[in-house]
Engineer: 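Here you go, one structure.
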Number of protein chains: 2
Amino acid sequence: MNGEDTCMIRGDGGRILRAVLDRICNKWTLLVVATLDQGTVRFTDLHRQIPGISQRMLTLTLRNLEADGLVTRTVHPEVPPRVEYALTPTGKSLIPPALALASWAADHVPEIEATRAAREHG
Amino acid sequence: MNGEDTCMIRGDGGRILRAVLDRICNKWTLLVVATLDQGTVRFTDLHRQIPGISQRMLTLTLRNLEADGLVTRTVHPEVPPRVEYALTPTGKSLIPPALALASWAADHVPEIEATRAAREHG
DNA sequence: CAGTATCCGTAAGGATACTG
DNA sequence: CAGTATCCTTACGGATACTG
């Protein structure tokens with residue numbers, strides 16, 4: 001790989017790249033998508049399965065994913081209420097590139113953090 | 001793909017995912033890396049090839065990449081000064097997952113933006 | 001040429017309390 | 001149960017001016 005074809009990244013001044021970064025580059029989106037890969041999940045279950053997320057951020061993240069057509073939201077008119085979230089096909093299609101990224105991280109983050117740590121103290 | 005193995009993403013409460021997001025989830029990093037895939041590039045050439053980036057953000061982005069060991073910085077002691085940047089092997093290894101992401105964006109962003117637009121006006 | 005230094009506005013996200 | 005409503009802090013990034 002030596003410059004032959006990063007045009008998909010750099011093309012149009014990075015607009016297509018920016019479009020995807022605008023969606024996934026926040027603290028919770030990819031984590032929520034990955035959690036929904038197991039199937040249909042209720043709000044509270046998501047909240048429990050994603051450590052550290054607040055109700056507010058979970059709601060915001062889900063609403064954005066819904067607006068983008070990556071997640072469906074199904075309200076069951078019961079008491080107490082039951083709301084279920086699931087990935088759309090488009091949402092599912094995000095899993096492989098997300099895995100590619102996570103896989104890269106698993107392979108390289110240790111050395112990256114070592115490099116940064118070495119630089120910091122001396 | 002149905003929940004069988006997103007553990008690389010969700011594992012450890014998403015720490016490995018967060019580690020990579022902390023690096024690449026900003027406005028310029030992936031664009032700079034992609035631009036450096038062509039080989040060795042000078043500061044001003046980078047500045048010219050990445051539309052919209054300020055000197056300040058280019059410098060900050062490069063310094064972070066350098067601290068992470070993804071980019072080398074070579075100063076040639078001349079007048080006027082010449083500074084060249086290039087990807088390390090680790091830096092190059094980031095290109096494929098970045099392409100996977102960009103490729104996903106190229107395939108799906110149009111429909112995503114259509115979905116969001118449809119939702120917005122009514 | 002290759003940066004620093006400074007100032008400033010916005011927006012992302014956390015904490016907490018409340019509700020149909 | 002599944003959210004809203006506020007308040008608040010900080011971190012990111014843009015604009016501009018200056019320098020070895």
Side-chain angles (χ1 to χ4, degrees), chain A residues 13-15 17-33 35-36 39-68 71-86 116 120, chain B residues 13-15 17-33 35-36 39-68 71-86 116 120:
Chain A
R15 267 236 279 282
L17 176 70
R18 199 73 38 77
V20 63
L21 291 183
D22 284 349
R23 316 278 155 192
I24 69 161
C25 276
N26 56 66
K27 205 165 172 180
W28 303 110
T29 294
L30 280 184
L31 222 45
V32 169
V33 169
T35 305
L36 283 172
T40 295
V41 189
R42 302 180 62 169
F43 184 87
T44 301
D45 290 333
L46 281 171
H47 195 198
R48 261 194 290 266
Q49 289 185 49
I50 303 173
I53 197 171
S54 65
Q55 282 190 323
R56 173 181 135 85
M57 289 316 296
L58 180 54
T59 301
L60 282 176
T61 303
L62 287 167
R63 291 288 186 278
N64 276 321
L65 286 168
E66 199 195 352
D68 284 345
V71 156
T72 57
R73 176 175 181 266
T74 311
V75 183
H76 295 85
E78 310 169 354
V79 180
R82 185 166 103 250
V83 180
E84 294 183 324
Y85 293 91
R116 181 170 280 267
E120 252 163 47
Chain B
R15 268 235 279 282
L17 177 70
R18 198 73 36 79
V20 64
L21 290 183
D22 284 349
R23 315 279 154 192
I24 69 162
C25 275
N26 55 67
K27 205 165 173 179
W28 303 110
T29 295
L30 280 184
L31 223 44
V32 170
V33 169
T35 304
L36 284 172
T40 296
V41 189
R42 301 179 62 167
F43 184 88
T44 301
D45 290 333
L46 281 171
H47 195 198
R48 262 196 289 268
Q49 288 184 49
I50 303 175
I53 197 170
S54 64
Q55 283 190 324
R56 173 181 133 86
M57 288 317 294
L58 181 53
T59 302
L60 282 176
T61 304
L62 287 167
R63 291 289 186 277
N64 276 320
L65 286 168
E66 199 195 352
D68 285 346
V71 156
T72 59
R73 176 175 181 267
T74 311
V75 182
H76 296 84
E78 311 168 354
V79 181
R82 185 166 104 251
V83 180
E84 294 183 323
Y85 294 91
R116 181 171 279 267
E120 255 165 43

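Every chain is numbered from 1 and lettered A, B, ... according to where its sequence line falls, protein lines coming before strand lines. The figures that follow rest on heavy atoms only: side chains count, while hydrogens, waters and symmetry mates do not. Here the structure is a predicted model, which is why all the values come from computation and not from measurement.
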Engineer: Heavy-atom count around Arg15(A) CZ within 6.0 Å, excluding the residue itself: above 12?
Structural biologist: no

Engineer: Give the minimum heavy-atom separation between Arg23(B) and Thr29(B), together with the two atoms involved.
Structural biologist: O-OG1, 3.5 Å

Engineer: Between dG13(D) atom P and Asp22(A) atom CG, what is the distance in whole Å?
Structural biologist: 12 Å

Engineer: Starting at the 5' end of DNA chain C, which residue's closest nucleotide do you reach first, Pro81(A) or Glu84(B)?
Structural biologist: Glu84(B)

Engineer: Does a distance-only test, which skips hydrogens and angles, find a donor-acceptor pair under 3.5 Å between the side chain of Arg56(A) and the base of dG3(D)?
Structural biologist: no

Engineer: Rounding to an integer number of Å, can you tell me how far Lys27(A) NZ sits from dT10(D) C1'?
Structural biologist: 12 Å

Engineer: Rounding to a whole Å, what distance do you find between Leu58(B):CG and dA2(C):C1'?
Structural biologist: 10 Å

Engineer: Could you state the CG-P distance from Asn26(B) to dT10(D), rounded to the nearest angstrom?
Structural biologist: 21 Å

Engineer: Give me the bend of the helix from dC1(C)-dG20(D) to dG20(C)-dC1(D), using the axes of the five pairs at each end, rounded to 10°.
Structural biologist: 50°

Engineer: Expressed in angstrom and rounded to an integer, what is the separation of Asn64(A) atom CG from dA11(C) atom C1'?
Structural biologist: 13 Å

Engineer: Quick one: label Ser54(A) by what it contacts on the DNA or RNA (base, sugar-phosphate, nothing), any heavy atom closer than 4.0 Å.
Structural biologist: nothing

Engineer: Regarding Arg42(A), tell me which of base, sugar-phosphate or nothing describes its non-hydrogen contacts under 4.0 Å with the strands shown.
Structural biologist: sugar-phosphate

